[in-house]
Amino acid sequence: MKQLSLLSSCKSLRSLQQLQAHATKSSLDADPLFAGKLLLHCAVHISDAHDYAERLLLHSPNPNAFMYNAVIRGFSDSDSPRRSISTFSLMLRNLSSQIDSFTLAFSLKSAANLRCLRTGAQLHCQALLRGLETHIFVGTTLVSMYGECGRVEFARDVFDEIPEPNTVTWNALLTAFFRRGDVGGAERVFAAMPAKSPTSYNLMLGGYAKLGEFAIAGKVFDEMPLKDEVSWSTMILGLAQHGWYEEAFACFLRLRRVGTRPNEVSLTGVLSACAQAGALEFAKMVHCFVEKVGLIWITPVNNALMDTYSKCGSVDMARLVFERMPGKRSIVSWTTLIAGLAMQGHGEEALALFLEMEGSGVEPDATAFVALLYACTHAGLVEEGSEMFDKMSNLYRLDPEIEHYGCMVDLYGRAGQLARAYEFVIQMPIPPNDVIWRTLLGACSFHENVHLAEKARDKLSEIDPNNSGDRVLLSNIYAVAGKWRDAAAVRRSMAELKLRKSPGWSRIEVDKMVYMFVAGVRGDDATREAYEKLGEVMSRIRVEGGYVPEVVSVLHDVEEEEKEGAVAAHSEKLAVAFGMARSGGARRVRVVKNLRVCRDCHNVMKLISKVYELEIVLRDRSRFHCFKNGNCSCKDYW
DNA sequence: ATAGGGTTAG
């Protein structure tokens, strides 16, 4: 059986088809054993070959159970698990008597991935009919399926009937409790487990991390007897996702210290922390590491690197990673770079890259269109964006989703075409949500349109009445229009409802350390240093740059940051001042802010860049601003 | 074969 051993060396569909041609010549293809193995290899071990496996099955004159099972398995973890179920139905019609534990385990996994309780319950019936519901693999997958469908009680019922549940079965039950958000239940299961593998600890770790309970997660992590790759990834990712960036960096360094080799998941995790915190220097170090351990071949790692460089303001590095990536570029790779260019306001380049992607045979998906429309919005490419929106449904048959409609409202709104934006909202085929109206409200604020703002407000008060950000926007619009009474009334209503704004922060990286500043929060040495420097900077730009603080501009804070009286400063000013104080002769400082930059800070940055001949790269919540010689790359358009 | 961690847009 030389051909059988050759099979496992086939890595691509083409080499498999060659082998198949040889087999046909020697009539080997008539051998049901060979046909089955070939199909299994095709469905499970070769990527994107599910379709071919399914065709082989459908064209086979006498498919056996092994072949059905191979296709069911192949689709179970694919992006179309539904086809696994349709293959099951086919088998039920043609070869019902041969349905076995393999058939049911993989079909159930598909039902679990689909979160389809109906299908899962029907498969459960089939298992009962055949006496397979307590079979260890089938039973375990049943527990998992009910858990995925949110039915802990059913999962428990199945579990209780399994005579000898193993660790995997227990873990499936544990997962079911966490999926339901029942931490107490999960803790009871964990305590009752007769044996615990690292996976059981990892599940507890992940469950606590998801809730942001890092005090407990850290305790589990420190006390678990054996940490594997998943333990480290879970910890690093969890920290990154909850905004504990410095802790994520520390965990990554600790991982390196103990000599464990970080895998691609922990690397993407720490890169995500770098991206969010804007920690360029740390990201560069991680990049070196990626090259060193040979993970540069992994596409998602490259995508994470590109995203990180873009969000740290180095879109050139992102472009370089894209050009040099040795692995295959996925749709995500293209989308990431398009979004990166968009953030810097390089709309034309993003548009060109999108066309290049189309030319290279990669079909854009809904997300790629979001990134593209976002690029058009931030570069003021109104007509181009409008064309692309039409292209999406006309050429690619993609139904625009709420996000795409949001992009279009933003596109027209930011460009000042408020009537067109409103018209667009009114005739949307799906009901506009709070984000759509909020986008319109934001545009009204920027272009000072009280009349339309009130329409948006009326809609928002129906959908999301207690949003503090909306009220801040509204009060600012009134203030700008000179309607001080209305502005004050909105502020008062906020106070009465005890609506708090989310605090604004800015971060800056100096000597590989990340410092965070929050407006109105004082006390630590770094903040004292920042205020001291800021005082000097402000008086110099007043004298040499002609800076005049406007009353309106202070109120015109686009988002949530509260004005903190005359001496308090927005966090981005503090971060920049700190950077100037610490990095002596540096020509450039980079700051990351969690909210949008306000108009006053924007003015100040422009003046600093001119008076001090300093380049300031400021990332706010929606884009990058590069201040140089008194101008900003956003052309005052944000 | 069955359980655990991941990249893009807002």
Side-chain angles (χ1 to χ4, degrees), chain A residues 40 44 69-70 72-73 76-77 100-106 108-109 112 135-145 147-148 162 165-176 178-179 193 196-207 209-210 228-238 240-241 263-272 275 298-308 310-311 330-340 342-343 364-375 377 401-407 409-410 433 435-436 438-439 621-622:
Chain A
L40 180 67
V44 178
N69 288 349
I72 290 171
R73 179 182 168 188
S76 69
D77 254 340
D100 60 9
S101 55
F102 284 83
T103 322
L104 284 163
F106 287 114
L108 279 165
K109 193 177 186 182
H135 180 282
I136 189 68
F137 287 124
V138 177
T140 301
T141 321
L142 271 170
V143 172
S144 166
M145 181 276 294
E148 289 302 309
I162 300 175
N166 62 18
T167 316
V168 181
T169 320
W170 280 96
N171 287 342
L173 188 64
L174 192 53
T175 307
F178 271 128
R179 193 117 308 161
M193 288 176 77
K196 298 174 175 77
S197 68
T199 300
S200 315
Y201 287 94
N202 291 343
L203 286 170
M204 297 306 289
L205 204 61
K210 193 161 281 167
D228 64 9
E229 288 183 344
V230 177
S231 323
W232 289 99
S233 329
T234 304
M235 205 60 194
I236 293 172
L237 263 165
Q241 281 164 355
N263 68 358
E264 63 265 38
V265 183
S266 39
L267 282 166
T268 49
V270 74
L271 283 171
S272 152
I298 313 275
T299 301
V301 172
N302 280 282
N303 298 344
L305 275 171
M306 284 161 47
D307 183 47
T308 306
S310 296
K311 289 185 177 157
S330 69
I331 177 75
V332 178
S333 318
W334 291 90
T335 306
T336 306
L337 189 55
I338 291 170
M343 267 186 285
D365 62 5
T367 312
F369 272 101
V370 175
L372 178 67
L373 295 175
Y374 177 74
T377 300
E401 294 154 24
I402 194 83
E403 289 84 358
H404 301 98
Y405 290 104
C407 286
V409 177
D410 207 15
N433 63 5
V435 181
I436 300 280
R438 193 165 296 128
T439 305
R621 203 174 65 183
S622 72

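Order of the sequence lines sets the chain letters (A, B, ...), proteins ahead of strands, with each chain counted from 1.
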task = Determine, for nucleotides 2-8 of chain B in 5'-to-3' order, which nucleotides have protein heavy atoms under 4.0 Å from the base (write B), from only the sugar-phosphate (write S), or from neither (write -).
result = BBBBBBB

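- M306(A) places its CE atom 13 Å from the C1' atom of dA9(B), with the value rounded to the nearest Å.
- Whole-Å rounding puts the R621(A) CZ to dA9(B) C1' distance at 15 Å.
- Judged by distance alone, with hydrogens and angles left aside, the side-chain atoms of T268(A) form no donor-acceptor pair with the main-chain N or O of A304(A) at under 3.5 Å.
- In this structure, the side chain of N263(A) engages the main chain of S266(A) through a donor-acceptor pair within 3.5 Å.
- Residues passing the side chain to side chain donor-acceptor pair (under 3.5 Å) test with S231(A) are N202(A), D228(A), sequence neighbours excluded.
- Among residues two or more places apart in sequence or in another chain, the side chain to side chain contact (heavy atoms under 4.5 Å, CB included) test is passed with Q241(A) by L237(A).
- Formation of a donor-acceptor pair under 3.5 Å by the N433(A) side chain with backbone atoms of I436(A) is found in this model.
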